[in-house]
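Below, all heavy atoms of this structure are taken into account, side chains as well, without hydrogens, waters or symmetry copies.
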Amino acid sequence: MTDTREAVLRLAGVERRYHEAAGQLEVLRGADLSLHSGEIVALVAPSGAGKSTLLHAAGLLERPDGGEVYVGDLATSRLSDTDRTALRRLEIGFVYQFHHLLPEFTALENVMMPQLIRGLDRRLAAKRAVELLGYLRIANRADHKPSELSGGEQQRVAVARAIANAPRVLLADEPTGNLDPATAEHVFNALTALVRAAGIAALIATHNHELARRMDRLITLNEGKVVELPHQKQTGGPGT
C-alpha cells in the first residue's frame, strides 16, 4: 500500500561510490527511501552494508554520486556547501553511537549550543534546553559536565541536543550501541517518546532487533538498495 503523505525526507535513486586502490567500491546503487512526519523507521543491516553511508547521504553530510536527496520538496544535490550546512542545521538532527558532547560544557550548555549557533536568544535557548532535559528526566543533571554523567545520561543529553532546533528529521546511528541492555531500553524509550511528541521523522540504524521490531517500519540494505522488510510492529518492552 502506497503512503500518500508528503515525505519530509526522500532519497530518489541515490548512488554512492568510493575509489580505492583495488578499484571502485559501489555502496549505494539507486537507493530509494521516504520518511514521513511522526514515523520511526529502523535500519538493520550487517556491518559493511552501507548503513552509515545511507545516513550520511540522507543527512547531507555526503553528496550522492547519482540520484537526489529531497528535504521536503527541495532538491539538495546542487546546493552550495554553505546552503547544505544551513539546511542541515535547521532541518536535521543527528545522534551517534558515541555522544560527542563537548566536554568543557555542562549538559545544559551542550543542548543550548546548536540553538545559539542558529542565532536564538540565550534566554530562550536555555528555556528550551531545560524543557528538553526535563522531558528526558535529567533536568537535575543540567549543571553537570559529560564526565560527571552516566552513559545513559550522556546519550539522553545527546538526544536533547539533536532535537534542540526542532528539526523535521532525526537520523540516529546505533544510538544505544554502547549501552547495557537496561540503559539502552531507557534511552530508546526516551528517544522515541520525544520523537513522537515532536512529530519528527526518524531513521534509526541499529543492531538491536528487539528495539527495531518496536519501530513503525523495518528496512535493510541489499546490494546497495533499500529493501522494506515484512514487519509486524511490537509494542512495549521492559520498563514501558
Checklist entry - Can you list the steps and then say if Glu68 with Arg78 is a salt bridge (charged side-chain N to carboxylate O under 4.0 Å, His left out)? => result CA-CA 9 Å; Glu68 186 60 88; Arg78 295 188 179 181; over 6 Å; no
Next on the checklist: Show the nearest heavy-atom pair for residues Met215 and Thr206, with the distance to one decimal.
Outcome noted: CE-CG2, 4.1 Å
Next on the checklist: Using modelled atom types and a 3.5 Å cut-off, is there a donor and acceptor pairing between side-chain atoms of Glu39 and backbone atoms of Ala201?
Outcome noted: no
Checklist entry - Mind checking whether Leu55 and Leu229 sit in one hydrophobic cluster, side chains of I, L, V, M, F, W, Y counted as touching below 4.5 Å? => result no
Next on the checklist: Donor-acceptor check, side chain of Asp32 to backbone of Gly13, threshold 3.5 angstrom: yes or no?
Outcome noted: yes
Next on the checklist: One thing to verify: whether Arg63 and Asp81 come together as a salt bridge, which I'm taking to mean a side-chain N less than 4.0 angstrom from a carboxylate O.
Outcome noted: yes
Item to check | Check: Arg214 and Asn189 side chains under 4.5 Å, non-hydrogen atoms | outcome: yes
Checklist entry - Going by atom types alone, do Tyr96 and Gln155 pair a side-chain donor with an acceptor below 3.5 Å? => result no
Checklist entry - So, do Arg196 and Ile40 sit near enough that their side-chain heavy atoms are less than 4.5 Å apart? => result yes
Item to check | Closest contact, heavy atoms only, Asn110 versus Phe105 | outcome: ND2-O, 3.2 Å
Checklist entry - For Phe94, what residues pass the ring-ring contact (aromatic ring centres under 6.0 Å, His included) criterion, not counting sequence neighbours? => result none
Checklist outcome for this item: Closest heavy-atom pair, Val14 versus Ala57, reported as atoms and distance to 0.1 Å, is CG1-CB, 4.4 Å
Checklist entry - Can you tell if the side chain of Val27 reaches within under 4.5 Å of the side chain of Arg17, non-hydrogen atoms only? => result no
Checklist entry - Would you say Val41 and Leu35 make side-chain contact, with heavy atoms under 4.5 Å? => result yes
Checklist entry - Less than 4.0 Å between a side-chain N and a carboxylate O, is that true for Glu104 and Lys145? => result no
Item to check | NZ/NE/NH1/NH2 to OD/OE distance under 4.0 Å, Glu223 and Arg29 | outcome: no
Checklist outcome for this item: By ring-ring contact (aromatic ring centres under 6.0 Å, His included), His144 pairs with (sequence neighbours left out) none
Next on the checklist: With rounding to the nearest 0.5 angstrom, report the CG to CD1 distance, Leu170 to Ile92.
Outcome noted: 10.5 Å
Checklist entry - Does the side chain of Val71 come within less than 4.5 Å of Arg168's, by heavy atoms? => result yes
Next on the checklist: Using side-chain heavy atoms (C-beta onward) and a distance below 4.5 Å, is Leu9 in contact with Ser34?
Outcome noted: no
Checklist entry - Within a reach of under 6.0 Å around CG of Asn140, are more than 12 heavy atoms found that belong to other residues, nucleotides or ligands? => result yes
Item to check | From CG (Leu132) to CZ (Arg128), nearest 0.5 Å | outcome: 4.5 Å
Checklist entry - Where is the tightest heavy-atom contact between Arg161 and His100, given as atom of each residue plus distance? => result NH1-O, 2.9 Å
Checklist entry - Tell me, do Leu221 and Leu28 make a side-chain contact under 4.5 Å, heavy atoms counted? => result yes
Next on the checklist: Please give me the minimum heavy-atom distance between Ala142 and Leu133, naming the atom from each residue.
Outcome noted: CB-CD1, 3.9 Å
Checklist entry - In terms of hydrophobic clustering (I, L, V, M, F, W, Y; side-chain heavy atoms under 4.5 Å; direct or indirect links), are Val195 and Val8 co-clustered? => result no
